[in-house]
J.: 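Could you have a look at this structure, given as structure tokens, before my questions?
Side-chain atoms are counted along with the backbone in the values below, which use heavy atoms only and exclude waters and symmetry mates. Below, chain A is the first sequence line, B the second, and so on; all start at residue 1.
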Protein chains: 2
Amino acid sequence: MARLAGVSTATVSRTLSRPEKVGAATRARVMQAVAATGYRLNAAARDLRQRRARAITLLAPNLANTYFSRIVAAVQEVAGAAGLRVQLLDSQVESDRLGPVGSDGRTDGILLLDGGLDPEIVRGWTVPVVMVCEWMDALGLPCVGTDNVAAMGLAVDHLADLGHRRIAWIGGPPGNVLSAARAEGFTAAMTRRGLPLRDRDRLTGDFTMASGACAAHLWAATPERATAIACASDESALGFISECDRMGLACPRDVSVAGFDDIDFSERFIPPLTTVHQPRAALGRRAAEQLIAALESGEPPPAGRQILPSRLVVRGSTRAV
Amino acid sequence: MARLAGVSTATVSRTLSRPEKVGAATRARVMQAVAATGYRLNAAARDLRQRRARAITLLAPNLANTYFSRIVAAVQEVAGAAGLRVQLLDSQVESDRLGPVGSDGRTDGILLLDGGLDPEIVRGWTVPVVMVCEWMDALGLPCVGTDNVAAMGLAVDHLADLGHRRIAWIGGPPGNVLSAARAEGFTAAMTRRGLPLRDRDRLTGDFTMASGACAAHLWAATPERATAIACASDESALGFISECDRMGLACPRDVSVAGFDDIDFSERFIPPLTTVHQPRAALGRRAAEQLIAALESGEPPPAGRQILPSRLVVRGSTRAV
DNA sequence: ATGAAAGCGCTAACAA
DNA sequence: TTGTTAGCGCTTTCAT
């Protein structure tokens, strides 16, 4: 191919990567030969030579989740525009598959959406890491997220403003940093508003609709049951309301419910869900930009939490008691 | 590192890839040196040498969509188990970014979830391609999907069995192969059941909740309006029902609605949505297996459509007229 | 069982 | 402006 154009491989390389660095006549000849042979540059070889992968890895638990997919889409958009490929990996796989990821030369950086990983594994990675939404206390990694404690407080305040005094809690999976922060926000706000924290009103969940549905039964069986529910996720809120409906209890008639996340379906649920909006696309975008900037500058991404604003969205699932 | 163990790089390579091919003493020495230096095999270099990418690319429109994300997760699972990385790409990006994808040495195969791509681009790819859900008539590509025509018929039959005679249709985006097949299924079933196909009952949509909501207004304004709606997607069905609710019309009291896809939220919607189940995880899994088998055998994946079964799931959104 | 040598396909210095 | 040379870090014959 290089010989067909009568030039060296170096010239072909130059023509393709920086055409202005090459004579017009030569360029024409090379381009012609390229067209004639159907030559395709082997990006893998170029990447090896330049010692970069031109790819970033997105590591998340539960890729099927609608919460993550919006983030993934935003990341892909930003990375794609920067010429980087996005590789997807489920963070729940065996940890011996996770170790090599950050140091096998096939990725330039990692976007970590799972705060539950073994810190030792993360520490072993040699590429820059930016966390999204979740974080790890053990490591001082840069993180793009929201203020979950304050945000959860918004929801509780809203319920309290509506006159609710007995407010129950459907939490997230134990051990998860978001669960902990949101639970803390719930407790703090309840205390601040002088509302009772009854043990029987603390229901555990795992962010899923199934867990919300399960909680509905527990709630319904509670003596002097709560008049409002604050949930650690929209999915559990939706599951809760749905199960209530099946039990003949209606939201907001019999119980007010507030969610957390503002996933796409919440707005269209019946009733539409009052919830705390998480700017998922912005989170993904910002994290990706952060990581890419670090790759381009060669400096590590700015450590510390970067907080994006979240806000309460009041809809039909909550009403005055 | 090789010199630290007092062996050649070839031996290190052997020790790491096929330990049994190397003497026990040497192996021990190498492993020790590996541990001491924190040596990491550079997968990119290995892949170049072996002329493979150890990765497959998933090309889909609208990565944020919950319909796709389940497929993505299944693909990742299968590919991960086979030691392949999954790269994500939005098929809606400029086509000049799509061309190189299938022939730049950075991917071994492509899973294509978008039937709307320019066939010329696809034809230019040099790696094997398997289509998922959608297909392209112009190319004889292997495809894993469901029988959309028959499946849509299931939904119409169900509505007809319930006594509905005026059944409206909310379609998908024009030009999409799934839209066409599902519309065909609707029309065929209506005809077969001897039901009237009125122009005013054919509403177009684009699979989204917003389009379903929009259709609700059109439907409500129709004289002698339909008593049932068949939708080309769950999202549009949910949007329709939700908007009806806002207009003071209830499902299934005032209108029966059937969806298509059986996304996770449909089961928990109020009312739970009657719909046609699409085995999304199985589709993703099967397609990935198909592609990977082709990569391992060196033979192209079996051409032709591979049909996975779909079934009607009757829930609360439909009832006798 | 191990080592030497030759690349995979490209790019980056350095010369010319 | 263009060619020559030397690798990127690995695997893989082919010898030994």
J.: What is the 5' to 3' range of DNA chain D, first to last nucleotide, that sits under 4.0 Å from any heavy atom of chain B?
T.: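 Extent of the interface on DNA chain D: D:dG9 to D:dT13.
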J.: So, taking the atom named CG in A:Asp261 and the one named CD in A:Gln278, what distance separates them when rounded to the nearest 0.5 Å?
T.: 5.5 Å
J.: Below 4.0 angstrom, N of the basic side chain to O of the carboxylate: do B:Arg70 and B:Asp264 qualify?
T.: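 Salt bridge present between B:Arg70 and B:Asp264.
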J.: Suppose we screen for side chain to side chain contact (heavy atoms under 4.5 Å, CB included). Which residues come up paired with A:Arg97, at least two apart in sequence or across chains?
T.: A:Val93, A:Glu94
J.: Would you check if the side chain of A:Ser95 reaches a backbone N or O of A:Leu98 as a donor-acceptor pair within less than 3.5 Å?
T.: no
J.: Quick check for you: to the nearest 0.5 Å, what is the distance between A:Arg85 atom CZ and B:Arg85 atom CZ?
T.: 13.5 Å
J.: Could you check whether any side-chain N or O of A:Asp137 sits under 3.5 Å from a backbone N or O of A:Trp135, counting only pairs where one atom can act as donor and the other as acceptor?
T.: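 Side chain of A:Asp137 to backbone of A:Trp135, a donor-acceptor pair under 3.5 Å: no, none is there.
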J.: Verify, without hydrogens or angle tests, whether B:Asn176 (side chain) and B:Leu178 (backbone) share a donor-acceptor contact under 3.5 angstrom.
T.: yes
J.: Give a yes or no on whether B:Glu77 atom CD has more than 12 heavy-atom contacts from other residues, nucleotides or ligands under 6.0 Å away.
T.: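 Counting neighbours around CD of B:Glu77, 12 or fewer heavy atoms of other residues, nucleotides or ligands fall under 6.0 Å, so no.
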J.: Under the side-chain hydrogen bond (donor to acceptor under 3.5 Å, both in side chains) rule, collect the residues that match up with B:Arg123, sequence neighbours excluded.
T.: B:Glu120
J.: As an exercise, state the distance from SG of B:Cys133 to CZ of B:Phe68, rounded to the nearest 0.5 Å.
T.: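 It is 7.0 Å, given to the nearest 0.5 Å.
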J.: Quick one: side-chain hydrogen bond (donor to acceptor under 3.5 Å, both in side chains) partners of A:Arg285, sequence neighbours excluded?
T.: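 Partners of A:Arg285 under the side-chain hydrogen bond (donor to acceptor under 3.5 Å, both in side chains) test: none.
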J.: Could you tell me from which nucleotide to which nucleotide of DNA chain C, 5' to 3', there is an atom under 4.0 Å from chain B heavy atoms?
T.: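 The contact span of chain B on DNA chain C goes from C:dA1 to C:dG9.
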J.: Measure the CD-OG distance between A:Glu134 and A:Ser179 for me, rounded to the nearest 0.5 Å.
T.: 8.0 Å
J.: Would you be so kind as to tabulate the donor-acceptor pairs closer than 3.5 Å made by side chains of residues 50-63 of chain B, with sequence neighbours excluded?
T.:
residue: B:Arg54; atom: NH1; partner: B:Asp47; partner atom: OD1; Å: 3.2
residue: B:Thr57; atom: OG1; partner: B:Gln87; partner atom: NE2; Å: 3.3
residue: B:Thr57; atom: OG1; partner: B:Thr107; partner atom: OG1; Å: 2.7

J.: Please report how far the helix from C:dA1-D:dT16 to C:dA16-D:dT1 bends, comparing the axis fitted to its first five pairs with the axis fitted to its last five, to the nearest 10 degrees.
T.: 40°
J.: Could you check which residues of residues 8-21 of chain B get a heavy atom under 4.0 Å from DNA chain C? Sort them by number, please.
T.: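 Only B:Ser8, B:Ala10, B:Thr11, B:Arg14 qualify.
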J.: For DNA chain D, which residues of residues 23-32 of chain A approach it to below 4.0 angstrom with any heavy atom?
T.: A:Gly23, A:Thr26
J.: Go through residues 33-56 of chain B and report each residue with a non-hydrogen atom lying under 4.0 Å from DNA chain C, sorted by number.
T.: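 Close to the strand are B:Leu48, B:Arg49, B:Arg51.
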J.: Rounded to the nearest 0.5 Å, what separation is found between the OG1 atom of A:Thr146 and the CG atom of A:Leu308?
T.: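 Taking OG1 in A:Thr146 and CG in A:Leu308, the distance rounds to 8.0 Å.
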J.: Can you name the side-chain hydrogen bond (donor to acceptor under 3.5 Å, both in side chains) partners of B:Trp125, sequence neighbours left out?
T.: none
J.: Pairs of donor and acceptor atoms involving the side chains of residues 25-35 of chain A, under 3.5 Å and at least two apart or interchain, shall be tabulated with distances.
T.:
residue: A:Arg27; atom: NE; partner: A:Pro19; partner atom: O; Å: 3.3
residue: A:Arg27; atom: NH2; partner: A:Val22; partner atom: O; Å: 3.2
residue: A:Arg29; atom: NH1; partner: A:Ala5; partner atom: O; Å: 2.8

J.: Could you give the distance from OG (A:Ser103) to CZ (B:Arg40), rounded to the nearest 0.5 Å?
T.: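 The distance works out to 4.0 Å.
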